[in-house]
Structures are given as structure tokens and as C-alpha cells.
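To start, the structure itself, in C-alpha cells.
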Amino acid sequence: MNSAYCMVLVINDIEKYETILKKLFDMGIGATSVDSMGMGKFLLESDIKIPFFGTIQQMVEGNRPYNKTVFSVIRTKDVLDEAVAMIKTELHLESETGKGFMFVLPVLDYHGFEEEGSLVED
């Protein structure tokens, strides 16, 4: 059975955005990105009154309110591991918080690549 992975990366440190995309491209990895905003920042800027979020307003003020969410389907574990290691290094994910976060999901089916296919055994 083949494997594929969906890597989802939220980049809060926007200054690293272009560097990460370039390094993914150099690794032969395509990606789609969208502008995004964290729920905490949204709630702080909205008319919704939630006491907890009011107490963290000072922590968030002055920070960039938006981030980038990057999606990529990666078809081999070796390439995934290389991409994850690069991103962890670029964003200092193991030593700093607030720069971004990432998670990986298994992909069961994919279409639109050179080769389409189901990854679920019948």
C-alpha cells in the first residue's frame, strides 16, 4: 500500500513565510497557502465578549493579527520527514512558542496529481 500525507502548517512568523515556501519548492514540494487568523485575535477584535480573551489582549496587541496556513500533500515519508525537519528548524518549533505550528494527517485518496490513486486497500 502506498502512503501520502497532508502537512498543515500555520506560520505566525510571517517573515519566515517566503523562506519556507522557497525551501519547500527546492525540495520538490508543492503547496497551497491561505491567509488566516487565529481565533484568539478574532475574538479580541469582535464584539463577542468573553472574559478570558480580554485578559490576554495585552499579550496579543502589537503582534501581527494574521498568519499563513500552508497545505501540502506529500507522497513519501522521507520527503515528509525532510520537510518537517526544515520547518521545525526555520520556525524554532521545539524551542519557541508562537512562531507557528504544524500537524500531519494521512491522505486516503488523491486526485489532480500526475498519478491519481486511492491509498485505501479494498
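These numbers come from the heavy atoms of this one structure, side chains and all, not from hydrogens, waters or symmetry mates. Note that the structure is a prediction, hence the values are computed from the model and not measured.
If you chain together hydrophobic residues whose side chains sit under 4.5 Å apart, Val104 and Met27 fall into the same group.
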Please evaluate residues Met102 and Met7 with respect to the criterion side chain to side chain contact (heavy atoms under 4.5 Å, CB included), reporting the C-alpha separation (whole Å), side-chain torsions for both, the decisive distance (0.1 Å), and the verdict. CA-CA 7 Å; Met102 165 178 46; Met7 181 180 69; 3.9 Å; yes
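Counting heavy atoms from C-beta outward, Ile11 and Val70 have side chains that approach closer than 4.5 Å.
Counting only N and O atoms by type, the side chains of Tyr5 and Thr76 include no donor and acceptor under 3.5 Å apart.
For the side-chain contact (heavy atoms from CB on, under 4.5 Å) criterion with Lys68, the lone passing option out of Leu21, Ile20, Ile14, Leu9 is Ile14.
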N/O donor-acceptor pairs under 3.5 Å from side chains in residues 81-95, not counting sequence neighbours:
| residue | atom | partner | partner atom | Å |
| --- | --- | --- | --- | --- |
| Asp81 | OD1 | Lys77 | NZ | 2.7 |
| Lys88 | NZ | Glu94 | OE2 | 2.7 |
| Thr89 | OG1 | Ala85 | O | 3.0 |
| Glu90 | OE2 | Lys23 | NZ | 2.6 |

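The nearest pair of heavy atoms linking Ile29 to Ser72 is CG2-OG, 3.0 Å. Annotation for Cys6 and Val107: closest pair N-CG2, 3.4 Å, computed over non-hydrogen atoms.
Through direct or relayed side-chain contacts under 4.5 Å between Ile, Leu, Val, Met, Phe, Trp and Tyr, Val34 connects to Val8, Val10, Phe71, Phe101, Phe103, Leu105.
For Glu96, the CD atom counts as densely surrounded, since its 6.0 Å shell holds more than 12 non-hydrogen atoms of other residues, nucleotides or ligands.
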